[in-house]
Amino acid sequence: MKLTQLVLSLIVALYGAVVHAETVPILDNSLGNVSVFANTYVTTGANSIVIGNILSGGVATTGANSSVSNNIISVGAVTIGGGSSSVGGNVISGGVSTIGNASVVGGYLTSLGAGTIGANSKVIGNMVSDGVGTLGDTSSVGGYLWTGGAATVGANASVAGKIEALGAITLSASSKTNGTGTLSSMPVLTGVPSNVLHESQQIGTAQAALNTMVPGTALPTTMTIDTTLYPGVFSAANLSTTAGITLTLDGQNKSNQSWVFNIDDYFVTGASTKIVVINANASDSVIWNSGGYASLGASTTFIGTILAKDYVSIGANANVTGIGDSCGGVFSASSYVSTGDGARIGGNGCSGIGSGFNIVDGTAVYGSTIPAIPEPSIYWMLAAGLFVFCLIRYRERQVVLAS
């Protein structure tokens with residue numbers, strides 16, 4: 001019996017090694033809910049829209065009349081354009097923060113440098129800066145104002161909470177506040193990133209995992225006519241489209257379908273290119289994996305998530321979104337992301353990238369529970385082990401019958 005138990009335990013151990021693979025999300029929580037990420041800087045144009053979060057390794061700048069539905073988090077300075085721009089969540093800056101005139105921050109404002117909100121602007125939550133804090137005329141802060149330098153509050157401006165500063169506090173005669181005080185030390189700031197190395201490495205890991213998928217259907221380097229593609233893995237040395245063509249991704253009314261485009265170098269769409277999905281399920285996914293830069297032409301209609309080693313440029317009035325409740329998204333591992341005037345990233349009510357992919361033992365796999373495929377030799381070892389086990393059991397039975 002001891003030999004039988006030994007063989008059985010070896011089989012169980014071997015089987016466990018086959019089916020229990022290391023599985024991690026293709027992008028973890030630090031990027032899974034981000035719609036725009038850049039290793040260096042992020043710039044959005046006037047009248048642009050981003051649904052989701054922006055994370056920048058350098059400065060982050062939004063144009064006039066622009067909107068970001070969630071948070072802007074930046075290692076460097078943050079500048080929000082004037083003229084009714086809005087950030088639905090928090091602004092967290094590792095440098096100075098500047099909120100333009102008539103703009104709104106729906107959460108709190110935190111900056112390691114100076115913090116300034118323009119005339120007629122609002123910060124719904126607290127405003128905290130390690131540098132000076134300045135409120136323009138008729139502006140308001142819905143919480144407290146803490147500064148590591150001086151604090152200046154303009155005419156008809158208001159602070160719902162208390163103003164406390166290490167430096168001098170200057171209030172206009174018509175301003176309103178709930179009292180003032182002196183801080184004993186520099187404000188303690190939380191959530192301000194010092195770098196984005198982890199996030200950049202994630203993108204590189206994700207790109208490498210996508211590149212290990214089965215060799216894809218080869219695509220021409222330039223698409224010049226309307227084309228329909230069914231789910232699968234596609235590859236190209238580089239990929240571009242001429243202006244005005246339509247690329248249709250047909251899901252054939254099946255669920256959990258995916259399109260992966262592994263592009264060795266650059267990816268470029270011509271102006272007014274349309275990428276559309278038909279016969280699709282909300283669980284479907286599209287990923288564009290560019291080993292160089294990605295550039296979407298003006299007025300492009302785009303579906304999917306872009307992972308680029310180099311920069312990502314989104315043309316004026318271009319529209320980037322995902323499938324179902326996915327925001328899609330644009331990610332640059334080593335460079336910047338910029339969007340033109342009127343560009344839009346994400347659809348109403350979207351959440352995260354929704355890629356549907358995980359990395360299983362270094363390979364991208366669609367779905368969260370699919371184990372890594374064993375090598376053929378593993379199957380032979382399992383079969384041999386089972387044969388030995390059965391043979392031992394048969395002999396043991398013959399011994400019992402003979403006795």
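Small disclaimer: the values here were computed from a predicted structure and weren't measured.
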Point to revise | Any donor-acceptor N/O pair, W259 side chain to Y230 backbone, under 3.5 Å | key: yes
Point to revise | Minimum-distance pair of heavy atoms, taken over all atoms of P193 and I92 | key: CD-CG2, 4.5 Å
Pairs of donor and acceptor atoms involving the side chains of residues 251-258, under 3.5 Å and at least two apart or interchain, shall be tabulated with distances.
| unit_1 | atom_1 | unit_2 | atom_2 | d |
| --- | --- | --- | --- | --- |
| N256 | OD1 | S283 | OG | 3.2 |
| Q257 | NE2 | S255 | O | 2.8 |

Point to revise | S121 side chain to I117 backbone, donor-acceptor under 3.5 Å | key: no
Check your understanding: With no hydrogens and no angle check, is any side-chain donor or acceptor of T40 less than 3.5 Å from a backbone partner on Y336?
Key -> yes
Point to revise | Side-chain donor-acceptor contact under 3.5 Å, S66 with T44 | key: no
Point to revise | Under 3.5 Å: donor-acceptor pair, side chain of S86, backbone of G88 | key: no
Exercise for review: Give a yes or no answer on whether the side chain of S240 reaches the backbone of T222 with a donor-acceptor pair at less than 3.5 Å.
Suggested key: no
**Study point:** Minimum side-chain heavy-atom gap I245-T224 below 4.5 Å
**Key:** no
**Study point:** Gap separating the CG atom of L229 from the CD1 atom of I275, nearest 0.5 angstrom
**Key:** 10.0 Å
Check your understanding: So W288 and F302, would you call those rings parallel, tilted or perpendicular, with 30° and 60° as cut-offs?
Key -> tilted
Review point. Do you see a donor-acceptor pair shorter than 3.5 Å between the side chains of N262 and N289?
Key: yes
Review point. Hey, mind stepping through T321 and I303 against side-chain contact (heavy atoms from CB on, under 4.5 Å) and telling me if it holds?
Key: CA-CA 5 Å; T321 190; I303 297 287; 3.6 Å; yes
Review point. Is a donor on one side and an acceptor on the other found under 3.5 Å between the side chain of S332 and the backbone of D310?
Key: yes
Revision key, fill the gap. Test side chain to side chain contact (heavy atoms under 4.5 Å, CB included), reference V141, set I124, L135, L109, N126, output is L135
**Study point:** Rounded distance [0.5 Å steps], OG in S84 versus CG in N47
**Key:** 10.0 Å
**Study point:** Separation between CD1 of I306 and OG of S313, rounded to the nearest 0.5 Å
**Key:** 10.0 Å
Check your understanding: Do we see a donor-acceptor contact under 3.5 Å between the side chains of N279 and D250?
Key -> yes
Practice item. Using modelled atom types only, decide if a donor and an acceptor are shared between the side chain of S285 and the backbone of S355 within a distance under 3.5 Å. Key: yes
Practice item. Keeping the roles fixed (side chain from S200, backbone from A333), state whether a donor-acceptor pair exists under 3.5 Å. Key: yes
Check your understanding: Hey, does the side chain of T269 reach the backbone of G297 with a donor-acceptor pair shorter than 3.5 angstrom?
Key -> yes
Revision key, fill the gap. Value for OG (S48) from CD1 (I345), rounded to nearest 0.5 Å, stands at 8.0 Å
Check your understanding: Closest heavy-atom contact between A114 and S129?
Key -> C-CB, 4.3 Å
Check your understanding: Checking D130 side chain against G148 main chain: does a donor-acceptor pair fall under 3.5 Å?
Key -> no
Exercise for review: Taking all heavy atoms of S139 and all of G136, pick out the closest pair and write down the distance.
Suggested key: OG-O, 2.5 Å
